[in-house]
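Predicted, not measured: the structure shown is a model, and the values here were computed from it. Every chain is numbered from 1 and lettered A, B, ... according to where its sequence line falls, protein lines coming before strand lines.
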Protein chains: 2
Amino acid sequence: MTRATLLTITVPTGEPADGDPGFALADFDAAQVRITDLGITRGDGVFETIAVIDGHPQALGPHLMRLAHSAELLDLPVPAEHVWHEAVLAGIADYRSRNGDGGELFAKLIYTRGVEGAGYPSGWIFVDEGEDFTQQRLGISVVALDRGLRHDVAETSPWLLAGAKSLSYAVNRAAQREAARRGADDVIFISSDGYALEGPTSNVIVLADGVVRTPQTDQGILAGTTQAAVFAFFEARGYATEYRHITAEELEAADALWLVSSVRQAAPITHLDGREYPVDAALTAELNEYLLSRTH
Amino acid sequence: MTRATLLTITVPTGEPADGDPGFALADFDAAQVRITDLGITRGDGVFETIAVIDGHPQALGPHLMRLAHSAELLDLPVPAEHVWHEAVLAGIADYRSRNGDGGELFAKLIYTRGVEGAGYPSGWIFVDEGEDFTQQRLGISVVALDRGLRHDVAETSPWLLAGAKSLSYAVNRAAQREAARRGADDVIFISSDGYALEGPTSNVIVLADGVVRTPQTDQGILAGTTQAAVFAFFEARGYATEYRHITAEELEAADALWLVSSVRQAAPITHLDGREYPVDAALTAELNEYLLSRTH
């Protein structure tokens, strides 16, 4: 029996008519996407994945802002923020009414250019139970892989869509398969000119000399919604934090490393390319407790 | 009223049971794709577009080989060649039985990693009328745009999937929008180290000093099924042909240029970055006549 809740966003952009919420419940088990939707034929759309803890969607505002930013990079119409916001809440409410209140859930937002020739976008949200990341929150091994692009490509060549969370994620998936082939759990991408960028579905946190850093987002990487909360956690504990260009060498020389993302939260890195890094288990546990206790 | 024919490939990999063709007619107007199909959530799949002239799918064998090659680059299961082959023919026959025999059609093949967690891939084929490319076969203007990647990236970093015809095509679409913003019709991608690569949906043909050349496919570009036929056309007319690395400067210094692809066939380039190139209208017309008269 299906537990997931699916909503079709019937008015993904613009304003719904009076009394129309702009979304409607749909059958998760049924096909919902036309084969000529550019989301499937061209990976032409954007998405967000939002963690839902005890019924609270985490960083909903920042996620919706990032959806709008990705849409702008792809020249998609501005998403109807209010509609998507209410749809997330409605999806969560429906899921919990059928499946109970517990557990870690996620809400996935998908916004595409729509059926070819139709001239209007498509949108869906689904809410489901998250994977169990308990083990990954204790430690993961990663490999550094070439992202192929220079660190400044978002500025010089915006059509490469660096920094957009687009549906064209085949390379991210291929990089994760390459990591698995090398016996690792995940990836940190390095720019072709030697800067640490991000993971395929995460941001990198680097602790060195008592300062907590993450790669600056002008390098065509996603502004992390969880990374912002991680900085708040460390700042409250007296650490300095900094956005900066970080070279692959600085990454390697770090005292400690984490990959952070919306649903997995903080995964401490035990190995980077086979080199061992110490994990402060107590600090990481506290960090994850903090991240999982957010109510917004 | 819908004219297009849609088939679901029910056995996209492996062997169908005795008496099962491995595909079935589906409703083109209905949704066919689950929202959790990795083809939509991650652009995780491959495709081919095949021109159909007078009922003949052009270069069907090479297209199916390329589909298998792309699948291999994405670690997808080997597509069931016989099933896809018969499905293309069945789709064309169905379309023609309902819409008459005329016109230029295309068959689009989509092969994805499937619904997340299902563990088997999805496949579809649809057959529809092609766009009218009469005007583009007389002349197009193009701009050269940075592809961001080095020319040797397929060798050094295979996880970047250069040379795979994947569903993650958002960058190709963004490049075409950038061309439109610059008042041009199409794009030739240049590698970050200065080599001419390909168009977002086409191969480049370069005529210089009486020799017809196209960029070598070890640079992470697609082996062109139409480009092969274009070489055959020129060879029959006494031209030497050559696969080679072609620098952006050599591209600019060409005597004549074409973009060639399966459905549009040969489009002569009238302008590259605003610089004018002479079009041999008679030769191009002959070339398109040749391409459009292929029966296999």
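Only the side chain of B:L38 comes within contact range of chain A, with at least one heavy atom under 4.5 Å from a heavy atom of that chain. Using a 4.5 Å cut-off between heavy atoms, B:R113 touches chain A through its side chain atoms alone. Neither the backbone nor the side chain of B:A164 comes within contact range of chain A, judged by heavy atoms closer than 4.5 Å. Heavy atoms of B:R173 lying under 4.5 Å from chain A belong exclusively to its side chain. The contact between B:T41 and chain A is made by backbone and side chain atoms together, counting heavy-atom distances below 4.5 Å. For a residue to count as touching a neighbouring chain, one of its non-hydrogen atoms must lie under 4.5 Å from one of that chain's; by this rule A:R42 touches chain B with backbone and side chain alike. If you measure heavy-atom distances from B:T49 to chain A, you find no contacts under 4.5 Å at all.
For the set A:N172, A:L167, A:L74, the entry with the most heavy-atom pairs within less than 4.5 Å of chain B is A:L167.
Note: A:K108 NZ to B:I35 CD1 = 9.5 Å, rounded to the nearest 0.5 Å. For the atom pair A:Q176 CD and B:W159 CH2, the distance stands at 13.5 Å (nearest 0.5 Å).
In this structure, A:S168 contributes its side chain and B:A170 its backbone to a donor-acceptor pair below 3.5 Å.
Salt bridge B:R181/A:D75: present, at least one basic N to carboxylate O contact under 4.0 Å.
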